[in-house]
Amino acid sequence: DLGIRHVSQGIQDKLARFNVILKRLAIPASECAWVGDDTIDVPMMQVAGIAFTVADAHPDPRRVADVVTRLPGGHGAVREICDLLLAARQRKRRKR
């Protein structure tokens, strides 16, 4: 069990759904990461605290991403993102 509690599929207005989830969890968008690979993801990438895209993403999300993975989608990009987030969290903890 991965503990994933919020799954939405077939959503056309991802930003509206993102805002519903943020409100439900009382989390500001600035405290979230978004991983997107296509044009439909750009609005969330623009409001998230950090935006990731994969090496083989459409040019639109590549233009707004804070980080573009070295690896393409389906070939380790998510693992790369997880490693980056975990390393950032470790650095933050060491600074305390």
Side-chain angles (χ1 to χ4, degrees):
D1 178 17
L2 295 175
I4 298 170
R5 291 176 248 160
H6 306 280
V7 176
S8 300
Q9 296 179 316
I11 303 298
Q12 291 303 308
D13 188 346
K14 289 185 177 185
L15 183 56
R17 183 65 181 147
F18 185 45
N19 285 324
V20 167
I21 293 170
L22 292 175
K23 185 175 181 179
R24 180 181 302 154
L25 299 175
I27 300 171
S30 62
E31 295 293 318
C32 295
W34 188 275
V35 182
D37 67 348
D38 210 339
T39 303
I40 195 169
D41 297 303
V42 170
M44 286 70 56
M45 294 173 75
Q46 291 173 319
V47 299
I50 186 165
F52 295 92
T53 196
V54 295
D56 59 340
H58 184 277
D60 291 343
R62 290 177 62 87
R63 279 190 277 278
V64 300
D66 297 300
V67 178
V68 178
T69 63
R70 291 177 298 104
L71 299 169
H75 296 278
V78 171
R79 174 58 188 257
E80 185 179 337
I81 291 166
C82 291
D83 288 345
L84 289 168
L85 291 170
L86 290 170
R89 183 167 66 175
Q90 291 290 14
R91 285 191 301 274
K92 185 177 179 180
R93 285 183 177 168
R94 283 195 297 264
K95 288 182 181 181
R96 289 183 192 170

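In what follows, residues are counted from 1 in the order of the sequence shown.
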Taking the side chain as every heavy atom from C-beta outward, state whether N19 and V47 have any pair of such atoms under 4.5 Å apart. no
Contact between R93 and Q90 at the side-chain level, heavy atoms closer than 4.5 Å - yes or no? yes
Hey, could you give me the CG/CH2 distance between D66 and W34, rounded to the nearest 0.5 Å? 14.5 Å
Is there a donor-acceptor pair under 3.5 Å between the side chain of E80 and the backbone N or O of R70? yes
Which value, rounded to the nearest 0.5 Å, describes the distance between I40 atom CD1 and M45 atom CE? 13.0 Å
Test side chain to side chain contact (heavy atoms under 4.5 Å, CB included) on V20 and R24; report intermediate values, then the result. CA-CA 6 Å; V20 167; R24 180 181 302 154; 4.0 Å; yes
Closest non-hydrogen atom pair between R62 and V54, with its separation: NH1-O, 3.8 Å
For residues P28 and C32, report the shortest heavy-atom separation together with the two atoms involved. O-SG, 3.7 Å
Tightest non-hydrogen contact, residues D38 and P61, listed as N-CG, 3.5 Å
Which distance, rounded to the nearest 0.5 Å, do you find between the OG1 of T39 and the CZ of R63? 8.0 Å
Using 0.5 Å steps for rounding, measure from the CG atom of D60 to the CG atom of D41. 10.5 Å
Where S8 and R17 come nearest, the two heavy atoms and their spacing: OG-NE, 2.7 Å
Do the side chains of R79 and D83 get close enough for a salt bridge, i.e. N-O under 4.0 angstrom? yes
V67 side chain reached by I50 side chain, heavy atoms, under 4.5 Å: yes
Counting C-beta onward and ignoring hydrogens, is there a side-chain heavy-atom pair between P43 and F18 closer than 4.5 Å? no
Considering non-hydrogen atoms only, spot the tightest contact between P72 and A77 and give its length. O-CB, 3.5 Å
From the options V35, V78, V68, select the one residue that forms a side-chain contact (heavy atoms from CB on, under 4.5 Å) with F52. V35
Quick one: does T69's side chain have a donor or acceptor within less than 3.5 Å of a partner on A55's backbone? yes
With the side chain counted from C-beta on, respond yes when L25 and H6 share a heavy-atom pair under 4.5 Å apart, and no when they do not. yes
